[in-house]
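Quick notes on the structure that follows.
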Amino acid sequence: MRIVLLGAPGSGKGTQAQRLQAKFAVSQVSSGDLLRDAVARQTELGLQAKAAMEAGQLVSDEIVLGLIRERLSQPDAKNGFILDGFPRNSEQAGALAKLLNEIGQPLEAVLLMDVSKPVLIKRMTGRRICRNCGSVFNVESLPDGVSACERCGGELYQRPDDKEDVITKRLEVYQSQTKPLIEHYKQLGLLKSIKGEGDLDQITARMEAALAPAAPVQKKAAAPAAKPTKSKPARKPRAVTKPAKKAAKTKTTARVAKQPAKKTGKKSAVKAKKAKKTTLRKPAKKAGKALKRATKKKTLKKKSVKKKAVRKK
Ligand code: ADP
């Protein structure tokens, strides 16, 4: 699996990337985490990135690209990766395509997490993170007065860029610089979009379904559903006469069957053409032989007539 998660700040890219990472044994590569780590370790790059991050602006392409290049060169990334927060503008998208080409690991899909603005703001303003283990919580779901991580007891803190004025800036930056990537990846045929609101498990399930053709595990699971219908034409749903449950089942089968049935249609058309050719060819051959026989007979007849005529003379 080699994918990019695209979406506004607060759309849940990080949370879902972690879930997919565990499920598919591929590495989450988060530009935000790489930057925050550099800031925390007070590296040269971290010190340069800090001001831009706290203002809700993008960190320079050069810094981010350096971090991503280094991260993708690590052995675990060879098994696949989930890019979260990168690319964030068209220059980064171009640089990523070049880099992945160089290492022979092209992107398989770009998954857009679609979340409405009010939900994004609510998520970001309420987000609290454990300083110790990095677990993410939201004040909405935390019991009153709880300020420690329920997993490790670590202190919960608010990201400096999760303050309301910085959030506004981040959303503006997303709108002007990152959103155009949706069209870019759509044109490349890589974009898949899912609704990023609702229950966490449901969102993960939607993502897995959207990625099904890109992920081999899903591919295997999807295959048997299509198999039995391959050689049969799609049955029309009899929803009107059947009880609701049965009708729904039939409907689904019909939907699944739609594509293979189309394929079968094509295949049988080719078969029919071939059959037509062979059936045409056979009588033609027979006819040819019969014609030869008839000509031979005729010639023999003519010869005997001639002979008779000579004898009479
Ligand atoms: P979010 O997606 O919620 O904004 P991130 O953790 O991905 O959170 O990013 C936090 C901040 O890190 C961004 O506001 C930006 O300053 C910086 N950042 C992260 N990824 C990039 C990137 N690809 N290019 C430039 N800056 C980035």
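Note that ligands are numbered from 1 as they come in the structure, with each ligand's atoms numbered from 1 the same way.
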Just by distance, with hydrogens left out, do D114 and S193 show a side-chain donor and acceptor under 3.5 Å apart?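 Result is no, nothing qualifies.
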Once side chain to side chain donor-acceptor pair (under 3.5 Å) is applied, what residue pairs with a partner in residues 59-69 remain, sequence neighbours excluded? D61-N89, D61-Q92
Enumerate the residue pairs fulfilling side chain to side chain donor-acceptor pair (under 3.5 Å) with a member in residues 173-185, sequence neighbours excluded, ordered by first and then second residue.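 Listed once each, the pairs are E183-Q187.
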Within the 4.0 Å heavy-atom sphere of ligand 1, strictly under, residues: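 Residue list for ligand 1: P9, G10, K13, S31, G32, L35, R36, M53, Q57, L58, V59, V64, G85, F86, R88, Q92, R127, R159, D161, R170.
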Strictly below 4.0 Å, N to O, side chains only: are R41 and D37 in salt-bridge contact? yes
Side chain to side chain donor-acceptor pair (under 3.5 Å) filter on R19, not counting sequence neighbours, yields D201, T204
For L171 and A8, which heavy atoms make the closest approach, and how far apart are they?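 That would be CD2-CB, 4.4 Å.
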